[in-house]
Amino acid sequence: YHMQVSQQDVLDVTMCPSEHDVPEYSLFSFTPRKILSKETPCYVLKMMKDLGFIDTFRIKIDTLSRFILYVRKGYREVPYHNWQHAFSVAHFAYLALKNFQLIEKGYLSQLEALAYFVSCLCHDIDHRGTTNSFQQQSNSVLASLYSSEGSVMERHHLSQTICTLNTEGCNFLDSLSSQDYRKCLDLIKDMILATDLASHYKIHAKQLNMAQEGFDKTNPYHKYYLTSLLMTCADLSDQTKDWTETKKVAQLIYAEFFAQGDLEKKMGKEPANMMDREKASIPDHQLEFLTQCCICIFKILATIFPSAKVLVNAIKQNILCWESSKRIFDKYSMEGKTSYEVLVSEE
Ligand SMILES: Cc1nc2ccc(C(=O)NCC(C)C)cc2n2c(-c3cc(OC(C)(C)C)ccc3Cl)nnc12
Ligand SMILES: [Mg+2]
Ligand SMILES: [Zn+2]
């Protein structure tokens, strides 16, 4: 396990050149997926320096560099839930912290902001490209470990995060007071568990009336609802970028969903339509997901942070694009093409 990250790899990150100062990097329109994988550890370091975490928490750069490299190694080469997804989710956390001034305006403490950023980076570690329900169906080891508590994959991502922190030379949080360390781990647990779609539906109504009542910084429930909202927004941030990006991400998500569907068929099980490459109608499903789930989450965000309005508008734009591309999909499906073939073919 130790052979995975060499001392040279760590050095390359700690010495990373500062030419990474790309001005549009902190704009909501920036698409982090265009950053090359080998450049991403340096960008993670740059973001954490820029957010003031290194000085505030007296973080040792070589320890942090080793942690980042181990987290990247912890992600698998699956189509969607890979390191590039984790990096893009962490980049959104960086954008939210800077553009909404979450620390400066007292929405989050420095510790909560650190936990938010680290949770985004680690929230899908060791994802296998299959859903929680697939863990139960296939009686996976993870299901036997966690199915009694639910959120099977999310509990595994959390345990992998803790294990990485406990890997020799990786605990960049070890300069925190024992009280702050304890608090930080509790926050990371709540934040990673909040990325389970089922958990989101449980608190969605409460997040809605929190936004309507007005966010109360002294209310611990509001704090919890806000950090959970910030996690789901980060996890869905691909949908706030331009159509080219959204279409590319859809190809990755359905590559993963259909691979699971193929597996389920081999296991003699009937996959859900959304997972079946022969039956899925991608535009219809995406329109449902964007209108029923995604845009609602960002509208709540925009109620609390008016500058998030641009994100809601970007999602509205993508909804229009799915509606207009639906007509193309329907034409081709008349010719016997599956919607996935159309998605990957149309330029
Ligand atoms: C573009 C886009 N389409 C999606 C379509 C369907 C589903 C889905 O899971 N349907 C339920 C079935 C599987 C039981 C998720 C989709 N999705 C997500 C996503 C969001 C998640 O959870 C939070 C962040 C809490 C919302 C968790 C996992 C994922 Cl993959 N990210 N992008 C997408
Ligand atoms: Mg996840
Ligand atoms: Zn995710």
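In listed order, ligands and their atoms are each counted from 1.
- Using a 4.5 Å cut-off on side-chain heavy atoms (C-beta onward), Gln136 and Asn132 make no contact.
- Distance check, rounded to the nearest 0.5 Å: CG of Leu229 to CZ of Phe305 gives 8.0 Å.
- Residue Tyr340 is tested with Phe329, Tyr254, Phe257, Phe258 for a ring-ring contact (aromatic ring centres under 6.0 Å, His included); the sole match is Phe258.
- Side-chain contact between Asn171 and Asn166: present, with at least one pair of heavy atoms (C-beta onward) separated by less than 4.5 Å.
- Side-chain contact check for Pro271 versus Gln260: every heavy-atom pair is 4.5 Å or farther apart.
- Annotation: the span from Leu230 atom CG to Met191 atom CE amounts to 8.0 Å, rounded to 0.5 Å.
- For Phe117, there are no ring pair (Phe, Tyr, Trp, His ring centres under 6.0 Å) partners at least two apart in sequence or on another chain.
- Checked by atom type, the side-chain pair Asn82/His127 shows no donor-acceptor distance below 3.5 Å.
- Using cut-offs of 30° and 60° for the angle between ring planes, the Tyr25 and His91 rings count as perpendicular.
- Tally of protein N, O or S atoms closer to the Zn ion (ligand 3) than 2.8 Å: 4.
- You'll find the side chain of Cys16 stays beyond 4.5 Å of the side chain of Pro41, heavy atoms only.
- Atom OH of Tyr43 is separated from atom CD1 of Ile35 by 4.0 Å, given to the nearest 0.5 angstrom.
- For Arg277 and Glu341, the salt-bridge test fails: no basic side-chain N is under 4.0 Å from an acidic carboxylate O.
- Protein atoms of type N/O/S that fall under 2.8 Å from the Mg ion (ligand 2) number 1 in this view.
- Figure legend: cation-pi geometry between Lys217 and Tyr107, with NZ or CZ positioned under 6.0 Å from the six-membered ring centre and within 45° of its axis.
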Can you list every pair where an N/O of ligand 1 is under 3.5 Å from an N/O on the protein?
unit_1	atom_1	unit_2	atom_2	d
ligand 1	3 (N)	Gln286	NE2	3.1

